[in-house]
Structure formats: C-alpha cells, structure tokens
Amino acid sequence: MTETPVRPDPTLRATYRDVDTGSFDTRELLANARRQAEERDLDRMLVVDVDAHHYETEAWSEIVTYLEDPVLQHLATAGRHPSLAKTSAFLPTQISGQQDLAGRVSRYTRRHLEKLDAAEESTKSNRTAGLARRAMEMMSIDYQILFPGLMLNLGLHPQKEFEVAVARAYARWLTEKVIPADPGLRTMLYLPFNDPEASLELVKEFADAPGVVGFMVTATRYKAVHDNAYMPLYAELERRGKPLGFHAVFHRADRSFEQLNKFISIHSLGFTFTNMIHLTNWIVNGLPVRFPGLDVVWIESGLAWLPFLMQRLDHEWALRSSETPLLTRAPSTYIREMYFTSQPLETPEDLSILETTFKMINAETQLLYSSDYPHWDFDVPSRIYDLPFLTDQARRNILGLNAARLFGLPTEPRLDPEYLRGGIR
Amino acid sequence: MQESALKPGTRVFVGHRSELPDGTQRIVSVPGGEIGVIAHGGHLYAYRNRCAHQGGPVCEGMVIGRVMAAMTEDKKMLGEYFSESEPHLVCPWHGMEFLLESGESAVDPRFRLHRHEVVEDPDGTVHVVI
C-alpha cells in the first residue's frame, strides 16, 4: 500500500448518498448490472431473455375488463372499486410469502414505490411495459419474453372455464396493451391447457398477434401432456412453427410436497419435479417422434435435473423399450434436441460439472439465456458471459442467437449502446 | 476523477462521524464503482458495493442477525432466533448473506466481499481507503 496523505486532498471528496429504504428505482437497483454490461461490451451483443416476469396481479383491474363472460366480469368487480378487482376468485393462491427472503430481497416490498414517467404511469399496462423496459436496458437485454406470476398456478383452478376466460383476457390485454408499448417485449402466451379445444382456439386466434413468439403450458396441473386430446394442438403449433414452452412452478396443494416445510425445499424440488413429469411423458409417449417439427422449451428449472433424467431414462429404456414403441433411439437423444432456459443456473464449485451438463444438452445450440427478473433468484447476463469454458460463439449463441433462431427474432442488438451509456431515462 | 487519479491507499472522504449513526449505510462513489460504509454496533465497516456473488449492490442491503436454531439437549427443535453477536449484511439482489465484520460469505467460502479500511481522524472526519 502506498503512503496515505495525512490530510485529505479536497479534490478527492467523493459524492455520496445514504441508502433510502423509502424509495425504489430499478435503475438504481440494477446499476451494477449496467456496469457489468459495459465492462463486457454486452451492448454490442444480442441478448435475449427468454424468461422474465411481470406482475399481472398489479394490473388485474385492467385485465378483468377483457373478460368476455359478463358473469365472470361481474364476479371480478362486484361491489368493489375497479382498482380493487379481486384476483382470489380466479388465481389459486398458496403460502408463498417467502419469495423475498423475509424482506432481504428488497424489490418485492419496495417495487410499488417506483415512479416512471407520466406516459408510463398512465395505465397499468404502460407501467408493466415501463418497468420491463428499465430492467432490459440496465441488463442490456434486447428482447425479453414476459411471463405472469400467480397465473402460473391457474391450471389448478377447479373450474376450467375460469382458466379459459382468464387466459383469453390475459392474451388480449398483453397483446393489445403491453407488448405494443415497448419494441423489446415478446410473449409465449398462456394456454388454458385443461381445455384442449380452447387451447387450440387460442393458438389459432393469437399466433399471428404482434409479439407472440410461442405458447406456454404451466407445469402445475394434472392432465398428462400425451393425452390424445392434445394432438390437434401440437399439430397446429408445429404447422405454425410456434415453440411450446413448459414453465415450471410448484404448488403446496400437491400432496407429494406437503412434507416440505421450508421454501428452500419446495422451491428446489418443485421447480424441477413438475417439469420432469411433463418431459418424461413427452419422451416416453413418443411426442418428439409424432411432432418432429415442434420445438419445445423447458423453462425455469435450471440445468442439473437434465443429466439425471437423461441417464435415468436411457438406462430404463435399454431394458424396457417394449414400453416405448415409438422411440427409435435413446431418450437422451431427443432431450438433446429440445431447448432449455438457463436460469437458475447452478453454481457447482467444480465447474467441470457444469461444463459436462452443457455438453450433455448441446448447450451451444439448445440453451437460452433467461433472467427470471425480477424474481428472487434471477441471473444477470454476465452469468453466461463469464463462464470460462465457453467459446465466444457459444457465449453469443446462448445469450441471444439461439433464441433469435428459435423465435425468429433479429440477430442484431436492438438497444443503442450510445443511449445506454448516456444514462438511462 | 479519473481512474488513474486514485492510487491504492488513497483516502476518500465519507463524512463526519456524527453524520453516521448506527443504521446508516452511506454509498460513496469512487472511480470505477462505489464503496459502501455501514454503521452498526458503534463500528464502521466498508466494502466494495458489488456483491461477490453476481455483483449486486450488497452495501445497500439489510443488516440482520444470523438466524440460529434452538434445540433441546436431546436434539428436538425448539425454534429459531436471531444472533445478536453475528450481524449479517444481505445483498438485496439475491439475499446472499455475508458476515458484516469480515465480508466472508455466511456459508460459502468462494464468496467474499472486497473490504476497505475505514479511517477516523481525531477531528471526527471519516475516510475510506481505496
């Protein structure tokens, strides 16, 4: 250490601020993500975030105005001021208040304090888009696929007509109000999967809507993906070239999970287990053989479950191929042709474990960067950029080019580096 | 200020000690980033405001006691409580916890915050050392 002056040089009086817990601004919270982006020159690289979230519950009063059934719309608003439109009749809830680690993850409790500009504050949908824009710009994300929150458990609603009604209202609201508000936003629309015919109709109606790059099935549900009723849906998606995503989630109403007392337990297992079930059914029942042109994406389960499932299924298939008459090759070979979002990317101390996982799933062409922002375990783009075992091309593929190819997005960055570095407004 | 203007060992002004009562978390801008000064338990701690995990603004997070488990002598769980002697600094991005006194991760030795020396002059002026 060099000698320090006895008296401080007045020119070294730094600027400072005291942490204020009574305000919130995405640009302040993610200031270090912007620094990371500039240090890595991410602004000149295509970055596509295939899984980010908005809070549809914060815009519920707008969404329910799109409910087409007058009885359901009455239910949503009866006896209440529109701003208090109730979600509880529509969206299954559970004990899940520990997402924010008891306030340790500050954005959950403070996000309502964020102020946007007047235009972005004018409607709930504009605010939804405005908050996403700030996060994208701070993380140097050119395109972001938005998913909802509590709606991820809508498949557990006891009345499937509610699932259909909400899915349709949400699709219209998102495609008419939110997606058009920012050129970086895209969606894989929620499918009311408990009603195969309604899911097919939703695909036909919205597949060509602006910003719709695919469709999504939420993982907490009890209707198996290989049910014959879904074949017309898969055929339509395949014909249209729209990927089908399975977004993981958990629900405590699942009896298998009742023993798991802590959030860490149910989150660790639930977000992988629910997708394991659907992927296993998808492979064992030969859906990749029946719909070879249908791309499927497994969302928000991380990656560590895949080496397990590939080895386990291959081992059993070698002995029990009589149960899988449609498969002409090992289950893992079909898995290697699927797509996976990266978050939450595991952090093994021995990086060769992660490197092997990347090799096993053909990450260079099949892995899609995802942030999951603003959820508690989000990943910044530097998680991918900084992996020492990736080639420069693999890094570019995973951060953006794989998603561009899959979803038909431009391959050049959308955001202007000069604007990003000049201070995001 | 240019990056080259500040050599290692340079002191950067934080404020007067009287402005830094317990509970204050002051973020000082320095070339190349920020340093957070945290007043807790009558002491001042300073770390680079960039989390060792994913780079979050760790010095802007909650300071809270380590959560402990209370058991009976025969290993039955009684409940949980906050340690009063082991304050943690929690990164607001992901909730990763660090020992406020040392900057070490509470659980994972791969993650350690970059610590800065805090100098308090007799007249009460406080600086951090780059």
Side-chain angles (χ1 to χ4, degrees), chain A residues 1-21 24 28-37 39 98-110 139 261-262 264 344-345 347-349 351 371-383 386, chain B residues 1 5-15 19-20 23-39 48-51 53-62 64 67 88 90-97 108-111 117 119 121 123 125-130:
Chain A
M1 189 175 287
T2 57
E3 188 178 342
T4 57
V6 176
R7 302 300 302 171
D9 180 342
T11 63
L12 300 186
R13 285 188 166 239
T15 57
Y16 64 78
R17 60 189 163 86
D18 289 340
V19 173
D20 172 17
T21 57
F24 186 81
E28 292 174 6
L29 181 74
L30 296 180
N32 284 353
R34 178 102 295 276
R35 291 188 178 100
Q36 290 175 350
E39 289 161 359
Q98 297 132 310
Q99 294 270 354
D100 70 337
L101 273 161
R104 290 171 176 84
V105 179
S106 60
R107 55 193 174 277
Y108 284 84
T109 49
R110 294 189 206 153
M139 291 192 276
N261 59 334
K262 300 271 188 169
I264 182 178
L345 189 66
T347 51
E349 187 161 5
L351 263 187
S371 75
D372 194 40
Y373 189 81
H375 290 173
W376 67 276
D377 53 347
F378 82 107
D379 280 335
V380 284
S382 64
R383 283 298 318 280
D386 293 349
Chain B
M1 289 183 285
L6 296 186
K7 296 174 182 171
T10 303
R11 294 178 175 192
V12 174
F13 178 74
V14 176
E19 303 168 4
L20 303 166
T24 304
Q25 291 172 248
R26 177 161 290 187
I27 309 300
V28 182
S29 294
V30 297
E34 295 175 328
I35 295 171
V37 180
I38 296 149
R48 187 183 188 206
N49 191 25
R50 203 186 273 218
C51 184
H53 170 227
Q54 284 199 36
V58 60
C59 297
E60 299 177 43
M62 181 184 281
I64 191 169
V67 174
H88 284 177
V90 184
C91 181
W93 270 14
H94 299 98
M96 186 173 274
E97 301 195 24
D108 190 335
R110 289 180 293 166
F111 299 108
E117 185 185 355
V119 180
D121 288 338
D123 67 357
T125 310
V126 176
H127 294 82
V128 287
V129 181
I130 299 281

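Just so it is clear, the structure is predicted and the values come from calculations on it, not from any experiment. Residue numbers start from 1 in every chain, and the chains themselves are labelled A, B, ... in the order their sequence lines are given, proteins ahead of strands.
- Residues A/Y16 and B/V14 form no side-chain contact, since every pair of their non-hydrogen atoms from C-beta on lies 4.5 Å or further apart.
- By number of non-hydrogen pairs under 4.5 angstrom with chain B, the leading residue of A/A102, A/S382, A/P374, A/S106 is A/S106.
- For A/Y373, no part lies under 4.5 angstrom from a heavy atom of chain B.
- For a residue to count as touching a neighbouring chain, one of its non-hydrogen atoms must lie under 4.5 Å from one of that chain's; by this rule B/V58 does not touch chain A.
- The most heavy-atom pairs under 4.5 Å with chain B, out of A/V105, A/L101, A/L30, come from A/V105.
- Heavy atoms closer than 4.5 Å to chain A are found nowhere in B/I35, neither backbone nor side chain.
- Looking at A/D20, neither its backbone nor its side chain comes within 4.5 Å of chain B, counting heavy atoms on both sides.
- Options A/T21, A/D386, A/V380 differ in how many heavy-atom pairs under 4.5 Å they form with chain B, and the most are formed by A/V380.
- Closest approach of B/E19 to B/T24, counting heavy atoms only: O-OG1, 4.1 Å.
- Looking at A/L29, both its backbone and its side chain come within 4.5 Å of chain B, counting heavy atoms on both sides.
- Salt bridge A/R17/B/E60: present, at least one basic N to carboxylate O contact under 4.0 Å.
- At a 4.5 Å heavy-atom cutoff, the contact between A/E39 and chain B is made by side-chain atoms alone.
- Neither the backbone nor the side chain of B/V37 has a heavy atom closer than 4.5 Å to any heavy atom of chain A.
- Among the candidates B/V126, B/D121, B/V128, the single residue satisfying the side chain to side chain contact (heavy atoms under 4.5 Å, CB included) test with B/R11 is B/D121.
- Under the 4.0 Å criterion applied to side-chain N and carboxylate O atoms, A/D100 and A/R110 are not assigned as salt-bridge partners.
- The aromatic rings of A/Y108 and A/H375 sit parallel, their planes meeting at an angle under 30°, below the 60° perpendicular limit.
- Within the model, atoms CG of A/D379 and CD of B/Q54 stand 4.5 Å from one another, a figure rounded to the nearest 0.5 Å.
- You'll find the side chain of B/P57 reaches within 4.5 Å of the side chain of B/W93, heavy atoms only.
- In this structure, the portions of B/R50 lying under 4.5 Å from any heavy atom of chain A include both its backbone and its side chain.
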